[in-house]
Amino acid sequence: MKLWAKVKALFKRKQLDRDLEDELVFHLTMREAKNRERGIESEESHYAARRQFGNVMRIKEACREAWSFVSLETTWRDLRYGARALAKNPGFTVVAVLAIGLGIGMNTGIFSVLNGVALKLLPVPRAEQIVSVDQIFHGKAQRNEHGEPGLFSYAEYKNYRANNHVFSGLLAYAPFLGGVPLEGENPKGLMGAETSCNFFDVLGERPSLGRTFVEADCRAPGGSPVVVLSDDLWRSQFGAESLIVGQSISLNRTKFVVIGVAAPGFRGLDPWPIEFWAPVTMQKALEPDSDLLLADTTGWLALQGRMRPGVSLEEVRADLGVIAGRIDQLHPGRTTTLAIHRASEGLRPAEGDCYPACNRGKPVADRPATANGEPADCVSWWVAGVAAGGLVARGHCAVCAGALADTRGFAALVEFQSRPARLGVFAGAHSINGNCVWTGAGVVCNAAGPEHRH
Amino acid sequence: MEKEGDLMQGTLDMLVLKALARGSKHGYGVAEWIHESSNDVLRVEEGALYPALHRLELRGLLAAEWGASENNRRAKYYSLTAAGRKKLAEEAEYWRRMAGAIASVMQMA
């Protein structure tokens, strides 16, 4: 009721002011008359009344205040004044609006990208327990890089896995493995991942068909040519045939036995969907040009661990730091620090978009031709951005400063500082794709014979 | 807007309500009635009286009506609403208890 009375009063301001005036004048007149009764001179009585009354303006103000939303009205006055000032200086207004707009846009953009890339946990059970581990070398470090500097050698992985006290499981996988030719009736370049044999167990992923890897699959190099297919690949390439388990498929001229199909929706840990997983011990079969298992100074494996219940990130850092220190003792002049972060999901390209399909470190001529014109053989530049986003997410890269773009073509400048500057987005694309070059118009990628531009 | 427990303001409100208990009065009438009823001890400042009248009107404790005064002038007459009457009873009761309490404290030897 009080509020409503005030609102009504807003629209009857003049009437209220007149009434107030009348009321006060009446009071003065009455007082004057009384003074005259007491025998005070006419003029004198007027002033006496005034004196007794006090400051009329103050009284009016106090009465008006009772009726008004003082702060609201002042705010409205300020707004009007501001609008007038802006209208007077259109140049300034344009610059100010653009600057504020740009600022808000940038912030929104950076947050969207970070939210998609760095803040969203992996889509696996109890994802908050999964952490990514990267290493940073200081001092004298003899190191070959395969893809990205923070990755681990197989020997290092086994060391961390055997000697840590904080993980219920530590997995390794080789990122950036693309363009693996699937031969047969429908040849195709595939995105794959070489993984440690506890990969699915650590993530808590159950297959929808068959089995995933067991430790025996990783016992000897080249010993167990088995493969787990993604649900998407199983449906698109093998007609969702349940008899696929136990059959052989040919990947890069090596026969692999399909042992299982991953659950629908599980697409691996890379920013792009992975189509098959093979034991890390089959690396040479998939990439005949390099033998990485025994290359102790080559980093090529990304590590993710599942923390035991009750273990904190700090404890993980301390525990793994001890192992890093022990490894450093074998390499005089080198110190290693570890970057340990909660693992997060990278941006994923939408269905039908193209993915980076260049194999790492492969000379083009040596590659058997895959299906021509596959969209998977090119990299649109936003995928490069996405890849860099993935790198940021995984902490694989240090300062990734570059334009990250999402499917709507939106681009934002992202600066994500977790390490000494190393990769920009274009360098990121380059490192993913051994054969890709930045052309200014897009990333030209050379996995399958002639160049495909996108 | 109104400070609770503000003795002076609360007291003024109570006196204004009391002044109107026997029928409607204009502002000047209220001031005069208080002045006279207190044997010329209390003089209500107009600067406090009118804001108080408007505040009470806004809170629905008083109703206001324009009418002709005894000397045939346009004057704003205030009267108690039901809420105002109830408020006056409450205030009077509160005042009685406070005055009694203060009196008994002050009488302690």
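Naming: A, B, ... by sequence-line order, numbering from 1 per chain. Computed over heavy atoms, backbone and side chain alike; hydrogens, waters and symmetry mates excluded.
Residues of residues 306-317 of chain A never come closer than 4.5 Å to chain B when only heavy atoms are counted. Below 4.5 Å, heavy atoms of chain B meet heavy atoms from A:Asp19, A:Leu20, A:Asp22, A:Glu23, A:Leu24, A:Phe26, A:His27, A:Thr29, all part of residues 14-29 of chain A. Of all residues in residues 93-100 of chain A, none places a non-hydrogen atom less than 4.5 angstrom from a non-hydrogen atom of chain B. Among the residues in residues 16-24 of chain B, none has a non-hydrogen atom closer than 4.5 angstrom to a non-hydrogen atom of chain A.
Side-chain N or O atoms of A:His341 include none that pairs as donor or acceptor with a backbone N or O of A:Val131 at under 3.5 Å. Put simply, the side chain of B:Asn72 never gets that close to the backbone of B:Ala68: no donor and acceptor are under 3.5 Å apart.
Residues B:Lys76 and B:Ala64 approach most closely at CE-CB, 3.4 Å, considering heavy atoms. What you find for A:Pro90 and A:Ala87 is that their closest heavy atoms are CD-O, 3.8 Å. B:Asp13 approaches B:Ala52 most closely through the heavy-atom pair OD1-CB, 3.9 Å. For the residue pair B:Ala63 and B:Thr81, the shortest heavy atom distance occurs at N-CG2, 3.6 Å. The minimum heavy-atom distance between A:Leu121 and A:Ala127, with the atom names listed, is CB-CB, 3.8 Å.
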- request: Test B:Met14 against B:Tyr94 for side chain to side chain contact (heavy atoms under 4.5 Å, CB included), laying out the working first.
  value: CA-CA 10 Å; B:Met14 180 179 74; B:Tyr94 177 74; over 6 Å; no

task: Quick one: do B:His35 and B:Asp40 satisfy side chain to side chain contact (heavy atoms under 4.5 Å, CB included)? Show the steps, please.
output: CA-CA 5 Å; B:His35 186 63; B:Asp40 299 352; 3.6 Å; yes

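Between B:Glu32 and A:Met30 there is no side-chain heavy-atom pair separated by less than 4.5 Å. A 4.5 Å side-chain heavy-atom check between B:Leu80 and B:Leu61 finds every atom pair outside the cut-off.
Within 6.0 Å of atom CZ in B:Arg73, 12 or fewer heavy atoms from other residues, nucleotides or ligands are found, so the atom counts as exposed in its surroundings.
A distance of 10.0 Å separates NE2 of B:His54 from CG of B:Leu58, quoted to the nearest 0.5 Å. Atom-to-atom distance recorded for A:Asp78:CG and A:Thr75:OG1 is 6.5 Å, nearest 0.5 angstrom. B:Leu15 CG to B:Glu91 CD: the interatomic distance, rounded to the nearest 0.5 Å, is 9.5 Å. With values rounded to the nearest 0.5 angstrom, B:Ile34 atom CD1 is found 9.5 Å from B:Lys25 atom NZ.
Shown are B:Tyr77, B:Tyr78, B:Trp33; of these, the ring pair (Phe, Tyr, Trp, His ring centres under 6.0 Å) with B:His26 is made only by B:Tyr77.
With respect to chain A, the highest number of heavy-atom pairs below 4.5 Å among B:Pro51, B:Ala75, B:Ala31 belongs to B:Pro51.
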